[in-house]
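In what follows, chains are A, B, ... by sequence order, proteins preceding strands, each numbered from 1. Everything quoted here is computed from the prediction, not taken from an experiment. Values reported hereafter were calculated over all heavy atoms of this structure, with side chains retained and with hydrogens, waters and symmetry mates removed.
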Amino acid sequence: MAVLPILQFEDKIAETVAENPVVVIIGETGSGKSTQLSQILHRRGYTRSGTIAVTQPRRVAAVTVARRVAFELGSRLGEEVGYAIRFEDRTSDKTCIKYLTDGCLLRESLSNPELNQYSVIILDEAHERSLNTDILLGLMKRLINRRSSNLKVLITSATLDGVKVSRFFSGCPVLNVPGILFPVEKLYSTERPTNYVECCLKTALDVHVREPPGDVLIFMTGQDDIDKMVFKLEEKIQNLEEGSCMDAIVFPLHGSLPPELQAISSNLIIIRVFSPAPPNCRRFIVATNIAETSLTVDGIVYVIDSGFVKQRQYNPSTGMYSLDIVQISRVQADQRAGRAGRTRPGKCYRLYPRTVYDEEFLDATIPEIQRSSLAGSVLYLKSLSLSDIDILKFDFLDPPSRESLEDALRQLYLIDAIDENGQITEIGKAMAELPLEPSLARTLIEANELGCLSQALTVTSMLSAEVAIRPTHSKNKEKKRKQSFYKLPDGSGWGDHIQLLQVYESWDRADYDPNWCTDNDLQVRSMMFSKDVRKQLSQIVQKMGKGSLDVESGMRQKQSDKDYKKLRRALCRGYGNQLAERMLLHNGYHTLGYRSQLVQVHPSSVLEADEDGQLPDYVVYHELINTSRPFMRNVCAVEISWVQPISKKLEKMNIDKLSGGSGASENNEIIENKTINSPMQAVDASGTPGSVDSKIQAARERYLARKAKR
DNA sequence: GAGCACTGC
């Protein structure tokens, strides 16, 4: 194996780190930064005064890199080198290099805000701008001022965004470490295709017929398009004249491969996708952006880039999520192209003109912090109770909009996490201890008061694991699906939360048999995950727990509480920021919030109407999602008397007080000025119905209209 | 009467 480029810079790196508290390392793919930086600093003695922490945005990365480094140092995993991810801590007293997810480091800083056990903190893959890494960047800036004598912070990034990060850390040095990527030739289309699936197909066939051997990676937006593409490509290849070109196999690659295929397809992917193709056979891998960073497929020589990605975004002014097809950024486009140059020189077919890349694409993807609801993050920051930190003044690399921060404060106030002056409450502090989104954390705390903690643990775990009751993957098994659907409990008409509880209880009665999940079309993976979450939550709430926490005790609870009244009441408290009232004359709802929205119960809900065909007067919802229309997903019936205290709170809510009173106007300017530099990307917020292509077309037209206005 | 990209505590 060739010497990793980064090792040639060892002296330079050590020297720079010795002289500066913060250093930015720009290391391209293949530079070895993730495995070598920690070892270099270990060699230079930084582990004598503390541990070296290396954060990763993904769990697998934390595990595999730790394993690799342990191997290189000839030590056993969990001793000198260890890792910590949720549910799994493989470190010991001996551990001096610790890989962990960014979320884990955030959790650690909750109990130890100065992170004193660490002599070095490396934030790896910072360019991906995960929500947690962005918050860590802000915390690190504060920390180095307080621990300047004994803390070193390294921030690694793959793109040339180093200047920005350096500026954020008052002009800290930036080191560039080259990677070992082969050149990739970029070929642009002369115009935007009107039908991007067809265009991908045509390009793929062209490559297959004309280009020498080498595998092809095709980036598309979602499962539907991928399935369509796989089908059409296989068909076309079969119709090619025998012997006119080499054989081919086509694979789909996305995050939610059907559960019944998962077992086989993990073999498929590992053995067939991740090993070289048989001789004289070309592999086509049709993937979502999962293949951009999370999964690396070796042997790719050709990349076909549609130029689009599906992105989830949060709109703070409506409290609604939407899943939109948006243009990728230049960073993303280059990342995709780079996938063609890992083993030898490659080619990237960009299905958009050069001018689109140059003029329309954003430099970088909008960071997650500007696309998410910030209630959880704001609660986290408030719970650190750092007297020197004001949320609205918190120093973010890219600040979220003031609107988004205010939305978070309103939400937190409505669920009692902060008081009317924006100060964190005792309830809020308890909520922050729980690895749950704020509404679910609040539900658990209220359930504890009401004596239905066991049931609430189950519901929050199921929601937290995003267990889907009726997966849509079994198209060719229509009969079986219907049968099994009727076997599952239905929430007794009260709604989806209750159904989730009942489903988990059924699984408990089946002794947590994985086959029970498969028989009922439930993803084994997500059910197992919810079991892990439940266990973890149980351990945390044990301290405050009143009564038994096991699943059976929740079932006994039901004997005395047939209507799930206590649980639904706890949910009503927890979702005080996510309530809706039915309209008088029909079954539509309007949300009870800062800005009321007209919404409907999602058709997948098990919520039942009464004899007159009327849905409950009041419901709580887990999420608002704007697809073809605005829908409430995961709904539960509540009673008016429980809603009233929350309505009163809503009436007297005052955002000026919540955001810190008089000081707010001053902060206002700071945040708003910064926000102007990072506008939201063009999004499809109107929920235009129709095919993906028509959505893309519509998004493009809106973009051009806006451009013309300017 | 709908349909979901990807992560993570």
Of the candidate nucleotides dA2(B), dA5(B), dC9(B), which contains the atom at the shortest distance from the side chain of Ser628(A)? dA2(B)

Separation of dA5(B) P from Tyr321(A) OH (nearest whole Å): 17 Å

Length of the CZ-P vector between Arg86(A) and dG8(B), whole Å: 11 Å

Check the angle between the aromatic planes of Tyr314(A) and Tyr321(A) and answer parallel, tilted or perpendicular using the 30° and 60° thresholds. tilted

Spacing between Leu323(A) atom CG and dT7(B) atom C1', to the nearest angstrom: 14 Å

Which is true for Glu466(A) with a 4.0 Å heavy-atom rule: it touches a base, it touches only sugar-phosphate, or it touches nothing? base

List the residues meeting side-chain contact (heavy atoms from CB on, under 4.5 Å) with Ser306(A), not counting sequence neighbours, and say none if there are none. Tyr196(A), Cys200(A), Phe308(A), Arg336(A)

Check whether any side-chain nitrogen or oxygen of Arg59(A) sits under 4.0 Å from OP1 or OP2 of dC9(B), and answer yes or no. yes

Short N-O contact, Asp334(A) and Arg350(A), less than 4.0 angstrom: yes

From OH of Tyr314(A) across to P of dT7(B) the rounded distance in Å is 23 Å

Taking atom types as modelled, find out whether Thr293(A) and Glu128(A) have a side-chain donor-acceptor pair closer than 3.5 angstrom. no

Under 4.0 Å from OP1 or OP2 of dG1(B): is there any side-chain N or O of Gln600(A) that close? no

Residue whose closest nucleotide on DNA chain B lies nearer the 5' end, Pro57(A) versus Phe631(A): Phe631(A)

Atom CD of Glu437(A) and atom C1' of dG8(B) are separated, to the nearest Å, by 12 Å

May I ask you to check whether Tyr352(A) and Phe361(A) place their ring centers less than 6.0 Å from one another? yes

Send over the distance from Ile85(A) CD1 to dG8(B) P, rounded to a whole Å. 8 Å

Nearest-angstrom distance from the residue atom CZ of Arg525(A) to C1' of dT7(B): 13 Å

Looking at the side chain of Thr288(A), which of dT7(B), dA5(B), dC9(B) is the nearest nucleotide? dA5(B)

Nearest nucleotide by nearest heavy atom, which residue falls closer to the 5' end of DNA chain B, Ile625(A) or Gln56(A)? Ile625(A)

Taking only the side-chain nitrogens and oxygens of Ser294(A), find out if one of them lies under 4.0 Å from OP1 or OP2 of dC6(B). no

Quick one: do Glu368(A) and Arg312(A) make a salt bridge, cutoff under 4.0 Å? no

Among dC9(B), dT7(B), dA2(B), which is the nearest nucleotide to the side chain of Pro603(A)? dA2(B)

Report the distance from atom CG of Leu253(A) to atom P of dA5(B), rounded to the nearest whole Å. 13 Å

Short side-chain donor-acceptor distance under 3.5 Å, Thr365(A) and Gln332(A): yes

Short of 4.0 Å, heavy atom to strand atom, which residues of residues 100-111 of chain A count as contacting DNA chain B? Thr101(A), Gly103(A), Cys104(A), Arg107(A)

